[in-house]
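Structure first, commentary second.
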Amino acid sequence: MTVEEVRLGPHTVQLRPENGGKYPHANPLLVRGTERTALIDSALHTSPADADLLLVSHSHEDHTVGAGEAAEVWVHSADAAAMRDQAVFLDAMGIPAEAAPAMVEEFRWSPVPDVRTFEDGHVFDLGGGVTVTAIHLPGHTPGHSGFLVQPDGVAFIGDVDLSSFGPLYSDRGARIADYRATVETCARLTADVVATAHHKGPYRDRAEYLQALADFGRVLDRREEAILDLVRAGVNTAEGMVGRGVVYRPGRRPAFADRVEVSTCGKHLADLVDRGVVTVDEDGVHRLV
């Protein structure tokens, strides 16, 4: 696959495949300082062994390709267990064990038992005044994070990918309230360039970026309204909402659609219960307050 090096700043390039980073591909960044080179995320078309350190936005397979080959790997502490242990990773994503061999082969996946951890605000000094600062952006996964590269003024926001599909938060530890807060955090980012891990961007015009972010965030509201409409119509469980257009449009559906929809609808229902909009009885049936 042809890969284009898109210059985002004096020290930062986006390694963009010809399909724009559509899954299972992605759009990692390579950041070069005078002392060290950092790869932000590893994709199918990259080799983490070519960088001094791999900074992982989150533990998903399309962002950790060949992570075991890297000399030094960092991830937010909330996603570390999923990188250290395959069983934890599969459970977090709801992937059946029988699917693991294919994933291992396609993404060169392996546990990284010595993965190092960072927290929000951790600064990686690459030398020559080049730094990469971690920005915790949970919701997609508990530890999902972005990175701000200075002095280039480049922000990488990972799987806050600004796609028309909208946010994905089907992982076991993902929370809708966290994702809403992450959208607000992204709106406050001050950067000359904003890059995502898939599909969209890079954005150099702030107004264009903020509009795309607002559209992305509104998908949360559209899904919530769809779920409330279903509850009003007597569809009162997450399982009953599968195939009714909350997440995927009617028609051709990916193989994992049912799993994602059950989890997504369940998270919305739990969020609505937390906010006192709906109630749930001991049988798991939801009703409007």
Side-chain angles (χ1 to χ4, degrees), residues 21 23 26-29 40-41 55-60 62-64 74-83 92-93 117-123 132-149 153-191 193-203 206-225 227 246-247 260 263-272 274-275:
Y23 183 87
N27 296 318
L29 302 190
I40 298 178
D41 279 354
L55 308 182
V56 177
S57 65
H58 63 293
S59 57
H60 286 173
D62 52 321
H63 299 262
T64 59
W74 292 77
V75 71
H76 190 279
S77 60
D79 274 15
M83 291 196 65
M93 292 192 68
T117 61
F118 59 77
E119 304 297 335
D120 183 47
H122 187 106
V123 178
V132 180
T133 302
I135 307 167
H136 192 205
L137 302 174
H140 182 59
T141 67
H144 182 272
S145 298
F147 300 95
L148 180 63
V149 181
V154 174
F156 178 79
I157 58 175
D159 270 7
V160 184
D161 62 15
L162 309 186
S163 66
S164 59
F165 177 84
L168 181 63
Y169 37 92
S170 58
D171 271 34
R172 184 180 298 278
R175 295 179 65 249
I176 290 172
D178 287 341
Y179 220 131
R180 290 190 186 278
T182 279
V183 172
E184 293 176 2
T185 298
C186 288
R188 294 192 298 269
L189 283 178
T190 301
V193 183
V194 179
T196 74
H198 301 285
H199 309 294
K200 301 294 185 178
Y203 292 87
R206 182 162 180 79
E208 181 185 5
Y209 161 65
L210 291 176
Q211 182 62 59
L213 181 65
D215 292 343
F216 183 78
R218 275 193 287 271
V219 175
L220 288 164
D221 299 326
R222 290 202 299 272
R223 290 175 185 162
E224 179 178 295
E225 283 302 315
I227 285 171
V246 175
V247 179
V260 170
S263 177
T264 300
C265 293
K267 289 179 186 296
H268 272 286
L269 288 169
D271 182 63
L272 289 165
D274 288 344
R275 289 158 47 201

* Can we say Lys267 and Glu224 salt-bridge, meaning some charged N sits less than 4.0 Å from an Asp/Glu carboxylate O? -> no

* To do: Identify the heavy atoms of Pro167 and Val219 that sit nearest to each other, and give their distance.
  => CD-CB, 3.9 Å

* **Considering all heavy atoms, the nearest Leu162-Ala212 contact** => CD1-CB, 4.1 Å

* Structure fact -> For Ser170, the side-chain contact (heavy atoms from CB on, under 4.5 Å) test, sequence neighbours excluded, returns Leu168, Val260, Ser263, Thr264

* **Partners passing salt bridge (charged side-chain N to carboxylate O under 4.0 Å, His left out) against Asp221 (at least two apart in sequence or in another chain)** => Arg180

* To do: Apply side-chain contact (heavy atoms from CB on, under 4.5 Å) to Asp178 and list each qualifying residue two or more places apart in sequence or on a separate chain.
  => Pro138, Arg175

* **Thr117 to Ala80 - nearest heavy-atom pair and separation** => CG2-CB, 3.6 Å

* Side-chain touch Tyr179/Leu137, heavy atoms, less than 4.5 angstrom -> no

* Contacts of type side-chain contact (heavy atoms from CB on, under 4.5 Å), residue Glu208, not counting sequence neighbours -> Tyr203, Asp205

* Leu189 vs Tyr209, side chain to side chain contact (heavy atoms under 4.5 Å, CB included): CA-CA, chis, key distance, verdict -> CA-CA 11 Å; Leu189 283 178; Tyr209 161 65; 4.2 Å; yes

* Asked: What pairs of residues pass the salt bridge (charged side-chain N to carboxylate O under 4.0 Å, His left out) test when at least one of them lies in residues 156-172, not counting sequence neighbours?
  -> Asp91-Arg172

* Structure fact -> OG of Ser145 to CG of Leu55, rounded to nearest 0.5 Å, is 10.5 Å

* Close side-chain approach of Leu148 to Val154, heavy-atom, < 4.5 Å -> no

* What pair of heavy atoms forms the shortest contact from Val193 to Pro202, and how long is it? -> CG1-CB, 3.9 Å

* Asked: Does any donor atom in the side chain of His140 or His60 lie under 3.5 Å from an acceptor atom in the other side chain?
  -> yes

* Asked: Mind checking whether His122 and Trp74 have parallel, tilted or perpendicular rings, split at 30° and 60°?
  -> tilted

* Structure fact -> For Val149 and Val132, the nearest pair of non-hydrogen atoms, with its separation, is CG2-CG2, 4.3 Å

* When rounded to the nearest 0.5 angstrom, what distance separates NZ in Lys200 from CG in Leu213? -> 13.5 Å

* Asked: Is the backbone of Gly21 close enough, under 3.5 Å, to the side chain of His198 for a donor and an acceptor to pair up by distance?
  -> yes

* **Tyr23/Phe165 under ring-ring contact (aromatic ring centres under 6.0 Å, His included): CA gap, chis, key distance, verdict** => CA-CA 13 Å; Tyr23 183 87; Phe165 177 84; over 10 Å; no

* To do: For the pair Asp41 (side chain) and Ser57 (backbone), establish whether a donor and an acceptor sit closer than 3.5 Å, ignoring hydrogens and angles.
  => yes

* Report yes or no: is the cationic atom of Arg222 (NZ for Lys, CZ for Arg) under 6.0 Å from the centre of the six-membered ring of Phe216, at an angle within 45° of the ring normal? => no

* Structure fact -> Sorted by chain and residue number, the side-chain contact (heavy atoms from CB on, under 4.5 Å) partners of Ala214 (sequence neighbours excluded) come out as Arg218

* Pairwise side-chain contact, Val160 with Thr196, heavy-atom cut-off 4.5 Å (strictly under) -> no

* Structure fact -> In terms of heavy-atom contacts, Ala191 and Ala155 come closest through CB-CB, 3.7 Å

* Polar side chain donor-acceptor pair, Tyr169 to His268, under 3.5 angstrom -> yes

* Structure fact -> The single option from Thr64, Asp79, Ile40 that satisfies side chain to side chain contact (heavy atoms under 4.5 Å, CB included) with Val56 is Thr64

* To do: Carefully, step by step, assess His58 and His76 under the rule ring-ring contact (aromatic ring centres under 6.0 Å, His included).
  => CA-CA 7 Å; His58 63 293; His76 190 279; over 10 Å; no

